[in-house]
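The structure appears below as structure tokens.
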Amino acid sequence: MPEPRLIEIAPVTRVEGHGRVTIHLDANNQVDEARLHIVEFRGFERFIRGRLLWEVPVIVQRLCGICPVSHHLAAAKAMDQIVGVDTLPPTAEKMRRLMHYGQVMQSHVLHFFHLSAPDLLFGFGSDPTKRNIFEVIRQNPELGLRAVLMRKFGQEIIEATAGKKIHGTGAIPGGINRNLDIATRDRLLGQVDQMLDWSQAALGIARTYVETHAEMVAGFGTFPSNHMALVRGDGALDLYHGGMRALDATGAPIFDHLDYNDYHKVLVEDVRSWSYMKFPFIKSLGPDAGWYRVGPLARMNVASHIDTPLANAAHTALRDFSGGLNHSTLANHWARMIEVVHCVEKIRDLLHDPDLQGTDLVAKGERRDEGIGVIEAPRGNLIHHYKVDENDQVTYCNLIVSTTHNNEGMNRAVKDVAITHLSGQSKITEGMLNHVEVAIRAYDPCLSCATHALGQMPLQVEIYDAANQLVDKAGQCL
């Protein structure tokens with residue numbers, strides 16, 4: 001009788017950070033279990049303690065080189081509260097928003113064209129030597145050039161607002177340390193119409209893929225779930241600020257317009273022995289029913305509308321196609337490109353706003369000892385929570401990043417796709433395994449951002465001999 005098998009995908013490719021997948025096949029070649037393991041540990045929640053509050057927005061963005069602006073702004077929003085500022089000067093608010101839209105745009109473009117497009121254009125099971133951005137550029141030079149220039153534009157927006165394209169210093173507690181000069185504004189305005197055209201074309205690629213492959217998409221890592229995101233007071237999509245809204249799989253509200261300072265009243269972070277990444281869930285529903293998804297598709301599901309016309313029309317088209325909430329993992333690509341169009345529309349509008357040349361950059365208030373900043377990062381909801389002492393030193397830090405919110409969803413997608421494409425197969429090919437990776441990539445995970453531990457994080461060490469037999473194991477808490 002055949003023996004059970006363990007298949008490992010290590011590392012997961014074309015994602016940020018280090019992870020692996022283990023797939024357990026029983027004696028009948030049926031998938032028994034499949035898991036995404038996060039195998040790196042960063043520990044920012046620990047070593048940020050003792051640092052001065054003014055340093056925090058600069059330090060925490062070192063979590064990532066792909067989405068540093070998201071951590072920079074979430075931390076700055078938390079520090080705003082600590083320095084007693086509830087309302088920023090208009091110039092500071094709009095400069096931060098401009099920075100954030102540039103960040104979301106460049107991150108989405110990087111993911112769609114550089115990481116996911118090779119699968120979408122050439123096929124999940126195509127020759128692995130073709131599944132890369134270089135082959136995309138070789139076969140479609142114009143599309144490749146657009147991908148590079150669109151990301152470059154987003155990074156230039158970040159540079160203009162944060163001082164540097166990566167790990168800038170623009171946002172400070174209570175405001176911003178620069179405004180936008182006229183020459184830079186005009187240079188960026190000279191590119192924005194082209195960026196909007198290209199963004200709409202990219203949206204067309206993503207939409208056409210989902211519509212053309214509707215049957216496959218509907219059965220690929222698709223399962224009902226709760227969804228959570230920030231929304232504006234009128235229910236519109238707001239990537240920078242808003243109240244927390246969570247809907248169940250039918251679209252019914254779980255909580256709505258929740259002040260994000262109360263996030264800890266509705267969310268619980270669970271841990272499991274086989275991953276350094278936590279598993280959040282909605283407290284009222286419990287761990288089995290309370291897990292949820294965040295990110296572009298969740299935002300499209302949660303938001304009632306979008307306040308820019310082209311993106312709003314695209315949002316309506318997605319909702320019409322879905323006939324309600326969309327639970328398909330691969331539909332994230334369509335949603336992601338809707339947000340690119342939205343970001344470029346917002347960038348264009350902000351560049352025409354004279355407040356960006358204002359000189360009132362920083363507000364002051366009455367000092368507090370705790371602050372919470374929440375933002376919609378490219379990959380989804382991002383929470384930064386800090387406490388400081390009388391010496392302005394951090395005494396507590398809790399980070400719930402987008403990829404952590406999506407941990408359960410990614411694991412379920414991995415198992416769903418593994419069962420569909422690997423169960424019953426005596427010979428496992430690289431193309432079959434890439435289907436599993438495609439499901440993970442659709443979430444655009446940032447594994448480095450997500451690997452933090454607060455309190456007791458279980459770690460289990462297993463030792464195997466040369467015959468792959470378990471020799472010993474031990475568990476401990478860090």
Side-chain angles (χ1 to χ4, degrees), residues 12-16 66-67 104-124 126 131-133 136 140 143-144 146-147 150-151 154 198-223 225 227 229 237 239 293-301 303 306 310-311 314-315 317-322 325-344 376-380 402-403 406 409-410 413-414 416-417 434-446:
V12 177
T13 59
R14 281 183 277 143
V15 299
E16 200 289 325
I66 302 296
C67 49
V104 175
M105 176 197 176
Q106 71 87 20
S107 180
H108 280 352
V109 167
L110 171 65
H111 175 265
F112 183 71
F113 287 107
H114 294 248
L115 304 182
S116 290
D119 297 315
L120 305 181
L121 294 176
F122 305 134
F124 302 170
S126 61
R131 295 196 307 263
N132 56 71
I133 184 59
V136 173
N140 196 327
L143 186 65
R146 288 184 182 185
M150 287 174 70
R151 183 166 187 243
W198 287 351
S199 297
Q200 291 181 87
L203 169 60
I205 294 173
R207 175 180 177 174
T208 299
Y209 182 88
V210 174
E211 291 179 332
T212 303
H213 300 84
E215 184 175 351
M216 183 275 290
V217 168
F220 191 92
T222 298
F223 37 79
S225 72
H227 299 271
L237 173 72
L239 299 174
R293 288 188 276 183
V294 301
L297 185 60
R299 289 191 285 252
M300 294 300 110
N301 285 330
I306 301 177
L310 295 175
H315 176 252
L318 174 60
R319 296 293 286 265
D320 289 346
F321 173 81
S322 307
L325 298 194
N326 190 309
H327 298 291
S328 174
T329 291
L330 290 179
N332 269 294
H333 298 304
W334 186 349
R336 196 168 280 119
M337 291 300 102
I338 292 174
E339 290 190 341
V340 171
V341 172
H342 171 63
C343 286
V344 178
E376 285 294 327
R379 293 152 184 84
S402 315
T403 300
N406 278 329
M410 288 191 295
V414 163
D416 179 89
V417 173
N434 187 54
H435 280 69
V436 176
E437 293 194 66
V438 167
I440 297 170
R441 287 187 205 110
Y443 288 88
D444 189 17
C446 184

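Just so it is clear, the values below take in all heavy atoms, side chains as well, and ignore hydrogens, waters and symmetry mates.
Taking the six-membered ring for Trp, F112 and H108 have ring centres at least 6.0 Å apart.
Checking S116 against R14 by side-chain atom types alone, no donor-acceptor pair falls below 3.5 Å. Side chain to side chain, N434 and D119 meet the donor-acceptor criterion of an N or O pair below 3.5 Å.
In terms of modelled atom types and a separation under 3.5 Å, the side chain of R293 and the main chain of H327 share a donor-acceptor contact. Distance alone, capped at 3.5 Å, is enough to place a donor-acceptor pair between the N332 side chain and the T329 backbone. The main-chain N or O of A377 is never found under 3.5 Å from a side-chain atom of S402 such that the two would form a donor-acceptor pair. Checked by atom type and distance alone, the side chain of E437 pairs as donor or acceptor with a backbone atom of T13 at under 3.5 Å. Although no hydrogens or angles enter the test, the distance criterion places no donor-acceptor pair under 3.5 Å between the side chain of R441 and the main chain of V12. The closest donor-acceptor contact from the side chain of H114 to the backbone of L110 lies at 3.5 Å or more, if one exists at all. Checked by atom type and distance alone, the side chain of S328 never pairs as donor or acceptor with a backbone atom of T222 at under 3.5 Å.
Between H333 and L120 the shortest side-chain heavy-atom distance falls below 4.5 Å. Between E339 and P378, the closest side-chain pair of non-hydrogen atoms is not below 4.5 Å. For the pair D444 and S107, the minimum side-chain heavy-atom distance is below 4.5 Å.
Separating the CG atom in L203 from the CE atom in M337 is a distance of 8.5 Å, to the nearest 0.5 Å. One finds the OG atom of S126 at 9.5 Å from the CG atom of L121 (value rounded to the nearest 0.5 Å).
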